[in-house]
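Positions are given from 1, in the same order as the sequence printed here. Note that ligands are numbered from 1 as they come in the structure, with each ligand's atoms numbered from 1 the same way.
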Amino acid sequence: MARIAYVNGEYLPETEAKVSIFDRGFLFADGVYEVTPVINGKLVDYDPHMERLDRSLSELKMAWPCSKEELTKVHTEIIARNSLTEGIIYMQVTRGVADRMFNFPKDIKSSLVAFPQVMKLVDNPNAKTGVKVVTTPDIRWLRRDIKSIMLLAPVLGKQDAYEKGAAEGWMVEDGYITEGTSSNAYIVIGNKIITRPLSNRIRAGCTRRALFRLAKDHAVEIEERLFTPEEAYKADEAFLTSASQFVMPITEIDGHRIGGGQVGPVVRKLRELFLEEATR
Ligand code: PMP
């Protein structure tokens, strides 16, 4: 069945949902996006996603395409019109449509597009076995804190990982892991979680933020510092977080088995806690 998408004020079947060839998202990747999970027909952790959208837009001096209330309505309408029970809502804002020029065109309206994607988030079979990751060079620009639609480096990194039989690529810069191509990266040593501190080098994941809250509530220590692939190979456990994967265990990094190739207790517990909250 054709999905119903939202394009600049209209809800349309996906085959009719079109944007201009002059849209600056298409020409320059001049736009930002958000992906919000949906479980049991309800948005999960919606407010942090909208806060991050607000920041991404302001860092790029881009106008909101509509009011915050209207954008919430777009999300809830997409769920209703598609009878979406579990999956994600993708939305992007671009600077708008104008003749091709690098500088910002004057007085154009930003464009807004949103659509759903059905996905199994809760019963993701990968969560039982854990996934493999491989390291790959981080060749991105230096404003990774902005959730820009300019995703060619992550596309190449993810493809590199897939071709090596892995589910995710952990990107490496100056000898340290920055993050996954579309997720944040963590190792566990003993009962302590280690992850890179926020900066312009990584994305401030909404799932990362939720994880920090859950860890604090359950007395799990988190240390924010850089770590190398070599340290990760020897970790007791490893995992990644993202809006579509929540807390996903990792059982192999660059061919090194983590935790004997089994999902470990800290990661298992954190995923359980996350799902408990998200499905409540
Ligand atoms: N880092 C990168 C590079 C990402 O693309 C994503 C997912 N968009 C994340 C981290 C995780 O962010 P979130 O938990 O908000 O999905």
Side-chain angles (χ1 to χ4, degrees), residues 29 31-39 43-57 59 75 87-93 114-115 117 119 121 124 126-127 131 133-162 166-173 176-187 193 195-215 222 224 226-227 238-250 267 270-271 273-275 277-278:
V32 299
Y33 73 108
E34 278 299 329
V35 172
T36 308
V38 173
I39 295 183
L43 293 157
V44 177
D45 234 6
Y46 178 73
D47 291 343
H49 285 278
M50 291 306 109
E51 254 177 57
R52 187 172 59 188
L53 175 69
D54 189 45
R55 183 177 179 279
S56 295
L57 287 168
E59 288 299 302
H75 280 80
I88 53 130
I89 295 182
Y90 174 90
M91 55 125 320
Q92 75 171 43
V93 181
F115 57 81
Q117 209 149 286
M119 287 172 83
L121 304 182
N124 185 337
N126 284 343
V131 296
V133 306
V134 290
T135 54
T136 188
D138 197 335
I139 59 168
R140 296 175 298 166
W141 75 330
L142 290 177
R143 289 305 309 274
R144 303 157 192 167
D145 53 317
I146 299 170
K147 202 162 166 66
S148 151
I149 60 171
M150 184 182 60
L151 291 171
L152 195 48
V155 163
L156 295 176
K158 186 83 87 184
Q159 181 60 22
D160 183 38
Y162 272 52
E168 179 59 304
W170 272 10
M171 297 181 286
V172 179
E173 184 177 60
Y176 293 98
I177 288 161
T178 50
E179 59 183 330
T181 64
S182 62
S183 57
N184 290 114
Y186 311 77
I187 56 173
I193 297 171
T195 195
R196 191 174 176 115
L198 294 182
S199 71
N200 63 327
R201 305 274 162 160
I202 65 165
R203 178 77 37 80
C206 294
T207 323
R208 181 187 188 278
R209 181 160 149 181
L211 177 92
F212 271 55
R213 182 170 39 77
L214 286 173
I222 300 185
E224 289 181 274
L226 274 57
F227 60 94
F239 64 101
L240 59 85
T241 62
S242 79
S244 58
Q245 308 218 61
F246 301 136
V247 176
M248 179 58 66
I250 292 169
V267 181
L270 287 166
R271 184 174 173 90
L273 290 171
F274 202 96
L275 289 179
E277 191 174 84

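A salt bridge is absent between Asp45 and Arg209: the closest approach of a Lys/Arg side-chain nitrogen to an acidic carboxylate oxygen does not fall below 4.0 angstrom. Salt bridge Glu59/Arg143: present, at least one basic N to carboxylate O contact under 4.0 Å. In summary, Lys147 and Glu34 do not engage in a salt bridge, as defined by a charged side-chain N under 4.0 Å from a carboxylate O.
Every side-chain hydrogen bond (donor to acceptor under 3.5 Å, both in side chains) that Glu179 has, sequence neighbours left out, goes to Arg140, Asn184.
Pocket lining of ligand 1, defined as residues with a non-hydrogen atom under 4.0 Å away: Tyr33, His49, Arg52, Arg140, Lys147, Glu179, Gly180, Thr181, Ser182, Ser183, Asn184, Arg203, Gly205, Cys206, Thr207, Thr241, Ser242, Ala243.
In this structure the side chain of Ser148 never reaches within 4.5 angstrom of the side chain of Tyr33, judged on heavy atoms.
Ring geometry, Phe239 versus Tyr186: the interplanar angle falls under 30°, so the pair is classed parallel (tilted spans 30 to 60°).
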